[in-house]
Structure formats: structure tokens, C-alpha cells
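Below, each value reflects all heavy atoms present in this structure, side chains not excepted, and no hydrogens, waters or symmetry copies.
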Amino acid sequence: MQSAGAMTVVAMAGTLPRKAGAQAPWAGVHVDGRRQLGALEVSSVGLGCQDMTGTFYATAPRRSDMIQLARTAHEHGVTLFDAAEAYGPFEVERILGEALGSVRDEVVISSKFGWNLDLKTGKSLGGLNSRPEHIRLAVEGMLKRLRTDRIDLLYQHRVDPAVPIEDVAGTVKDLIAEGKVLHFGLSEPGVKTLRRAHAVQPVTAVQNEYSMMARDPESEILPVCEELGIGFVCWSPLAMALLTGDISLHTHFARNDFRSNVPWFAPDALAGNLAMAGFVKDWARRKDASPAQIALAWLMARKPWIVPIPGTTKMPHLFDNMRADAIQLTPDEVREMDTGLAHIVIHGARLPPGVLALSGVEAPEKSPASL
């Protein structure tokens, strides 16, 4: 998600005022690039929609502005829109359903199940729930909220340590056979779990946090994705705005801003991590681009099947992110950047301990009696 400076500032409206007849500053911006997540074609830059209700970064977006933001993204070439039943909860799916209903066949909508939610109220019941019967009910709710007859890409939001992944993948496989789901994905899975899921129902995409600040996927997950022909979607590709140049030692995070609990942003850690922001700014000046565009272009230069989904609630940031599609980094530039990155020390973990513990989890083995 990308947000500017102090989080006490109310989100900007969906469109900026300008004189009659004046051309919008982003009139010529369009995402022309297309990438493959397995057999699924999507725009090279997608839109992460998590904070469209303001619950993640303590922003205060208007619902009508978020509908306009999604529609504008589509009009300018974005085809991949990422949601989850937990976002809102439920409300982000409703926003996308209203925003994209008239262009449903022109976009790819992904959503996620897996948290233990009351499927009528959205209230958290604690922990995770990927039991087959729960998945089926969750998908029915998604279809209604998204105003559609199918979910293009359905992810398990986090691996459930109480449910064999074979049961999860098998349920999604059945939903695919019924036409209610088109493609299967996993978010932050363990490597063995990814292989086991793929053996039951081919996995189209893995969605993990990945950025210049969070490079964990490079050691194991990305090689497995390349081996199996699985696409990779990067959430928080701008490191929760740290890579945009909008955060300084004077930035204040509200208590209900998720980053107030992220170790990266603790005062002592942030002082060191701003070296990364400075590195990106230097490259932005060199390439006549914005820091966000450099951070996104670096990800896209790594593999042709990697797709970042920066999130924002602000129209100027949306267009700034989309312009990354036009930034070209040569192989020599990428190598030079990687050399520089290797000398930057990352201070603190990428997520709070309780949240980080849900990443890389391996699902339990399926008992022989149930095979």
C-alpha cells in the first residue's frame, strides 16, 4: 500500500480539481504491458485494494472515490484487481463489484479466503479456517459481493495448520470444475505445501510480500515458482510506502495504522532503513522517475512472470505507480542496483511477530485413511 507522510491527513478525493478544458496530468498514462501468471494474462502492474476502506493505514477514503479509483485504473490499462473477504471485511469486494461490474469481462479479479470469519457478519472468530465446507460458503459470499459468476483467481490467504492442503486444493479444484473459480493461488505458503497443492490442482500464482526491503521469496519460493511455471504476485511492493520517499523520521503513524506495529518502522529501525529510501531516490534521479516507479520497475525486471500490486487510495499515486510500466532497467543497471542493495542493512522484521508467524507455514499431512 502506498500512503504519504503523516497518516492523520484525510485521503484525497478521487479526482483533482482543474480548470475547464485543461488536460489531466495523467491523460497519456496507460499500462500497456501484459504478463502471464501461469495461463492467466494480467497487466504488468495491478492494483492492491486492501486499504479501500481505510482499515489498514488509518486513511479515510470515501467509498465513491474508491469506486472511481478502480474504474480509472481499468480505463488506463490495469486489469488485475486484488481483494480478499477479510478486507473491510467484505466491503472491498462490494466496492469492486460495483466499480467493475460493467467491465467484468475486461478485468481479472482475485480474492482470498482462509480467515475464520462469521460469513454473515464478517466478525472475526479468531484464527484461520480453510475447512472445505467453509471455503464453499466463503466463495458463495464472494460471488454475491463481487456481482459475478466466477472468481478469476482464488487464493488461500494463509495456510491453515489444521487442514491438509490436499483438502483445500481439492475443494478449489471442484469449484473450478463448477465454473465458480477459474484459477487457484496461495499466499505466503510453505514450499512443501506449495508443491503438494500444485500436485492436486495446478497453482496459477503465489502472492507474497516482496520488495527491495523484503526479499525472502528469493531463496526458495521464487525458484519453485519458476520450476513449476507458477506466476508470482508481490504484495506491498513499495514496502508500505517506505520506498516512495514519503516517509521520514518525522512521519507519525496513528495507533490504528498497521505500520505502527511493524518493526521496520520502530524509531531506531527506521533511522537505519531510510538508507534504502535514499538509495531508491538516487536511482529515481538517475532514471528521471519517481522512487515508487524505480521500486516497481526493479521487481518487474527480475522475472517476466512477476507482477506487483501496489495499493493506494489516492489518484496521483495510482498514476505514479502505473508509470512504472514504462520504466526500462537494463541488465547492467539491475546488476548495479543489486550490488548496491547487498550493502544496505535491513533493520527489523517486515511484519509483527504474530503476523509473520503465519508465513511459510506447512499444512499438515493428509492421513493415509483419508487418501
Side-chain angles (χ1 to χ4, degrees), residues 14 31 34-43 45-53 61 63-115 117-122 130 132-157 168-169 171-187 201-205 207 231 233 235 307 309 311 318:
V31 178
R34 294 293 179 265
R35 294 192 164 210
Q36 293 294 134
L37 300 175
L40 183 62
E41 183 181 88
V42 298
S43 53
V45 178
L47 179 61
C49 303
Q50 181 174 19
D51 204 41
M52 282 186 168
T53 60
R63 189 177 192 277
S64 59
D65 289 339
M66 296 303 93
I67 290 171
Q68 184 58 44
L69 187 93
R71 288 175 176 169
T72 300
H74 163 259
E75 290 167 1
H76 289 260
V78 173
T79 68
L80 177 60
F81 295 81
D82 185 77
E85 63 173 3
Y87 298 166
F90 299 162
E91 182 60 15
V92 166
E93 291 175 330
R94 294 190 185 103
I95 289 171
L96 291 184
E98 184 171 346
L100 304 174
S102 63
V103 293
R104 181 64 187 90
D105 293 338
E106 300 173 15
V107 296
V108 171
I109 298 176
S110 64
S111 197
K112 311 177 196 73
F113 66 85
W115 295 103
L117 303 178
D118 183 309
L119 296 179
K120 292 183 179 179
T121 67
S130 281
E133 63 273 19
H134 188 84
I135 295 173
R136 283 189 161 278
L137 291 173
V139 167
E140 292 302 324
M142 291 177 186
L143 293 172
K144 291 178 182 177
R145 292 186 292 271
L146 289 166
R147 304 185 185 185
T148 186
D149 61 348
R150 81 281 186 190
I151 298 164
D152 298 298
L153 176 55
L154 180 69
Y155 293 99
Q156 182 186 41
H157 211 150
V168 175
T171 302
V172 176
K173 183 175 183 177
D174 290 343
L175 289 166
I176 289 174
E178 295 166 20
K180 295 179 179 179
V181 173
L182 302 186
H183 297 273
F184 178 36
L186 296 175
S187 182
Q201 168 59 45
V203 176
T204 292
Q207 183 178 137
V233 175
W235 70 265
V307 179
I309 50 168
L318 172 68

Next on the checklist: Quick check: do C49 and L96 have side-chain heavy atoms less than 4.5 Å from each other?
Outcome noted: yes
One should read off an interatomic distance between K173 NZ and Q201 CD, to the nearest 0.5 angstrom, of 6.5 Å
Notebook entry, point to check: Where do L175 and E178 land on the side chain to side chain contact (heavy atoms under 4.5 Å, CB included) test, with the steps shown first?
Noted result: CA-CA 5 Å; L175 289 166; E178 295 166 20; 4.0 Å; yes
Distance col, row S110:OG vs L182:CG, nearest 0.5 angstrom, shows 12.0 Å
For this session: State, with a plain yes or no, whether a side-chain heavy atom of Y155 is found less than 4.5 Å away from one of V233.
Result: yes
Discussion item. Please check: side-chain N/O of T79 versus main-chain N/O of S43, any donor-acceptor pairing under 3.5 Å?
Written reply: yes
Nearest heavy-atom contact between A84 and E93 is C-OE2, 3.7 Å
Evaluate the side-chain proximity of V139 to L143: yes if any heavy-atom separation is below 4.5 Å, no if none is. yes
Open item on the list: Donor-acceptor pair, distance only, cut-off 3.5 Å: does the side chain of T204 make one with the backbone of L37?
Closed with: no
Taking side chain as C-beta onward, heavy atoms only, is L100 less than 4.5 Å from I109?
yes
Check your understanding: Do R145 and E85 come within less than 4.5 Å of each other through their side chains, counting heavy atoms only?
Key -> yes
Correct closest heavy-atom pair for K112 and D82 would be NZ-OD2, 2.6 Å
Practice item. In sequence, state the C-alpha distance, the side-chain angles, and the governing distance for T53 and E91, and then conclude on side chain to side chain donor-acceptor pair (under 3.5 Å). Key: CA-CA 7 Å; T53 60; E91 182 60 15; over 6 Å; no
Open item on the list: Assess whether a salt bridge exists between K180 and E140, defined as any Lys/Arg side-chain N lying under 4.0 Å from an Asp/Glu carboxylate O.
Closed with: yes
Next on the checklist: Is there a side-chain contact between L47 and M52 in this structure, where contact means two heavy atoms from C-beta onward sitting under 4.5 Å apart?
Outcome noted: yes
Donor-acceptor pair, distance only, cut-off 3.5 Å: does the side chain of R150 make one with the backbone of G179? no
Taken to the nearest 0.5 Å, the spacing of K144 NZ from F90 CZ works out to 11.5 Å
So CG of L40 and CG of L80: to nearest 0.5 Å the spacing works out to 7.5 Å
Tightest non-hydrogen contact, residues G46 and V307, listed as N-CG1, 4.2 Å
Heavy-atom closest pair (R94 atom, P89 atom, distance to 0.1 Å) is NH1-O, 4.4 Å
- Would you check if L119 and F113 make a side-chain contact, meaning some heavy-atom pair closer than 4.5 Å? no
Hey, is R104 close enough to D152 for a salt bridge, meaning N to O under 4.0 Å?
yes
In this structure, CD1 of I95 is separated from OG of S64 (nearest 0.5 Å) by 9.5 Å
Interatomic distance, CD@Q156 vs CD@Q207, rounded to 0.5 Å, equals 12.5 Å
Exactly one candidate in T171, V172, L153 meets side chain to side chain contact (heavy atoms under 4.5 Å, CB included) with F184; the answer is V172
Next on the checklist: With heavy-atom distances below 4.5 Å as the criterion, would you say the side chains of V103 and E75 are in contact?
Outcome noted: no
